[in-house]
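As structure tokens, the structure follows; a few thoughts come after it.
Excluded from the calculations below are hydrogen atoms, water molecules and symmetry mates; all remaining heavy atoms, backbone and side chain alike, are included. Order of the sequence lines fixes the chain letters, A, B, ..., with proteins taken first and strands second; residue numbering starts at 1 for each chain.
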There are 2 protein chains.
Amino acid sequence: MTKEASSLRWVIIAPEAEVIKWTAAFQKEAPEIVLEVGPEVADPASVDILLLWKHPQGSLASFNQVKLYYSLGAGVDHLMKDGDLLPGVPVCRIVDPLLSFSMSNYILFAVLYYQRKWDKFLKDRKGKIWDHDGITEENIRIGILGLGTLGTDAALKLHQLGFKVTGYSPSPKDIDGITTFAKGQLTEFLAQCNVLVCTVPSTPETKDLLSKPLFDQLTQPTYLINVARGAVQIEKDILDALDNNILSGAFLDVFETEPLPKDNPLWTHPKVQITPHIASITNPEAGVAQIVNNAIAVKGGTDLVHVVDSKKGY
Amino acid sequence: MTKEASSLRWVIIAPEAEVIKWTAAFQKEAPEIVLEVGPEVADPASVDILLLWKHPQGSLASFNQVKLYYSLGAGVDHLMKDGDLLPGVPVCRIVDPLLSFSMSNYILFAVLYYQRKWDKFLKDRKGKIWDHDGITEENIRIGILGLGTLGTDAALKLHQLGFKVTGYSPSPKDIDGITTFAKGQLTEFLAQCNVLVCTVPSTPETKDLLSKPLFDQLTQPTYLINVARGAVQIEKDILDALDNNILSGAFLDVFETEPLPKDNPLWTHPKVQITPHIASITNPEAGVAQIVNNAIAVKGGTDLVHVVDSKKGY
């Protein structure tokens, strides 16, 4: 089947580590397909499929006959902001079942890190302090901001584990056992939780969302977990909120600038946990089959899956 | 209803912190009942109910007309090893639904601590190292040693989260979606997992179970999580297994001697995580109703719940 797709011309434009990972995955799963590495390739006008992850802005203009743009991850913010996308050409993204596994487990770890007071036990340990009789669990009410595939999966799993969970999404959602809030109810949603998990897509609407105006509507203090994108947070406001006890702590996987610059005060803030954007990493081998199937669909004129809605931006 | 139980004579024998907690819970939930604090009380022969947690050995002999022994927790090892228990008098224990919530979440945190390589991120953070492209998840196969109420709950929850889970229990168990091993299959069970979670009851059969002969049957290396009792582990053997890479790490909530002595090398071992026996702490307010109902049943000669099987020892 992959042979059919090998008559198309494929180009990948991504950071070197991604190129290495995806080239290996294609060689294993679809060895007939040749991946050329862009952006500089001969005769860009004859390229059919572009595989993209954080491509340099301006590098797409010469690919003027492309038939399919593919984001090599769940997020498409890096792609949708490019003004050179050809109108009417579909943009697809990877929907990897392992993404939910990893993302929900990451969120769970961050929730438990706070709820089970790991900072306290780490400190006690350094002093060889055996505090059996202290209060060892926080009484938490988790609010999931963003009920897409990943947010909903996390909400359901946290609920199954016995936690109190609510969720917010602009469009109304019906999720078993979970109270959800929709457009017009953000203030109400923010006031009733004390652990806020951000899983929104990165769009013009969500830019700078995690900032002072939102923090001021929270129960004080609230624990913040952000696994979405750095563009949705204002780090200066997070630091202010931590120092004013509006936030009890922050568990962050994403940052305004990545890699996080060495002089960023988040690195050393005692109430902040940091991971290098690894909450959920797309597994290329699972992604190759999806990409190839969509390429064949483009060629044959049949329906694609995992197409991005260009109006919503995700 | 609690009035009926107030005509009985009640004595609690437990460490001071427990006495304070339970006295407060009885005052709130069953204020008619007077709890006398033992072991030294007037006329012990007229005492009906003994509430016990880590009572001094030898302190029960004078209570020679007692009608019910109650363990103020899920474990009864502290009680069953006492030779002064009156034959035929029931021993009950607290079965608190919140115990499963806390215990499973603790196990989950310990599993994720290892699977998501928290030690690595902690170390990277100190050096302000942004390692986005490293491998950030361990490929784990979890084995739950002990499929009682708590072990089964943890197994099911880990399975629902998408982990590969197996379990071992001396008597055969049938748990949806989980391969279980029974008596005669311990070796086979130990060889197929690389994260071992110990949730066995503490009995003469499980004493010193987590020791060299068992470790030698594991896939090397295996990550060890013990939330059972310190009596089931030999700490010298754990330290040897860590230093010989038979164990990749250990996440321990229980210890041979508690509080863990300050000169115990586990406190400072880089591959060991330590908590002060807090994986799951009985919530006294939920326990009071169970205790009172069983006291009324003893008085009326009706059936008790949560009675310990004296042959099995749990």
Problem - Under 4.5 Å from a heavy atom of chain B, the part of Leu98(A) involved - result: neither
Practice task
Would you check if the side chain of His132(A) reaches a backbone N or O of Pro259(B) as a donor-acceptor pair within less than 3.5 Å?
Solution key: no
Fill in the blank from the handout: CG of Leu112(A) to CG of Leu112(B), rounded to nearest 0.5 Å, is 7.5 Å
Practice task
Answer with side chain, backbone, both or neither: which region of Asn105(A) has an atom nearer than 4.5 Å to a non-hydrogen atom of chain B?
Solution key: both
Problem - Atom pair CD (Glu18(A)) and CG (Asp133(B)), whose distance is rounded to the nearest 0.5 Å - result: 6.5 Å
Handout entry: Contacting region of Thr268(B) [heavy-atom separation from chain A under 4.5 Å]
Key = both
Fill in the blank from the handout: CZ (Arg116(B)) and OH (Tyr106(A)) are apart, to the nearest 0.5 Å, by 7.5 Å
Problem - Lys173(B) atom NZ, over 12 foreign heavy atoms within 6.0 Å - result: yes
Practice task
Check whether Thr136(A) gets within reach of chain B through its side chain, its backbone, both or neither, counting any heavy atom under 4.5 Å.
Solution key: side chain
Completion exercise
From the list Phe121(A), Trp118(A), Tyr114(A), ring-ring contact (aromatic ring centres under 6.0 Å, His included) with Phe109(B) holds only for Trp118(A)
Exercise for the section: Determine the option with the most heavy-atom pairs under 4.5 angstrom with chain B, choosing from Glu258(A), Gln115(A), Lys126(A), Lys21(A). Expected result: Glu258(A)
Practice task
Name the region of Gln273(A), side chain, backbone, both or neither, that has any atom closer than 4.5 Å to a heavy atom of chain B.
Solution key: both
Handout entry: Nearest heavy atoms of Trp130(B) and Trp267(A), plus distance in Å
Key = N-CH2, 4.3 Å
Problem - Ile129(A) atom CD1, neighbour heavy-atom count above 12 within 6.0 Å - result: yes
Handout entry: Structural part of Leu266(A) lying under 4.5 Å from a heavy atom of chain B
Key = backbone
Handout entry: Gap separating the CD1 atom of Ile278(A) from the NZ atom of Lys120(B), nearest 0.5 angstrom
Key = 9.0 Å
Fill in the blank from the handout: Across all chains, not counting sequence neighbours, the side chain to side chain donor-acceptor pair (under 3.5 Å) partners of Ser102(A) are Glu137(B)
Practice task
Walk me through it: do Tyr113(B) and Tyr113(A) pass the test side chain to side chain contact (heavy atoms under 4.5 Å, CB included)?
Solution key: CA-CA 9 Å; Tyr113(B) 188 99; Tyr113(A) 187 100; over 6 Å; no
Problem - More than 12 heavy atoms of other groups within 6.0 Å of Leu122(B) CG - result: yes
Exercise for the section: May I ask you to name which of Asp153(A), Asp124(A), Ile274(A), Thr275(A) has the most heavy-atom pairs under 4.5 Å with chain B? Expected result: Thr275(A)
Exercise for the section: State the NZ-NZ distance between Lys128(B) and Lys262(A), to the nearest 0.5 angstrom. Expected result: 8.0 Å
Problem - Between NZ on residue Lys157(B) and CD on residue Gln160(A), distance to nearest 0.5 Å - result: 10.0 Å
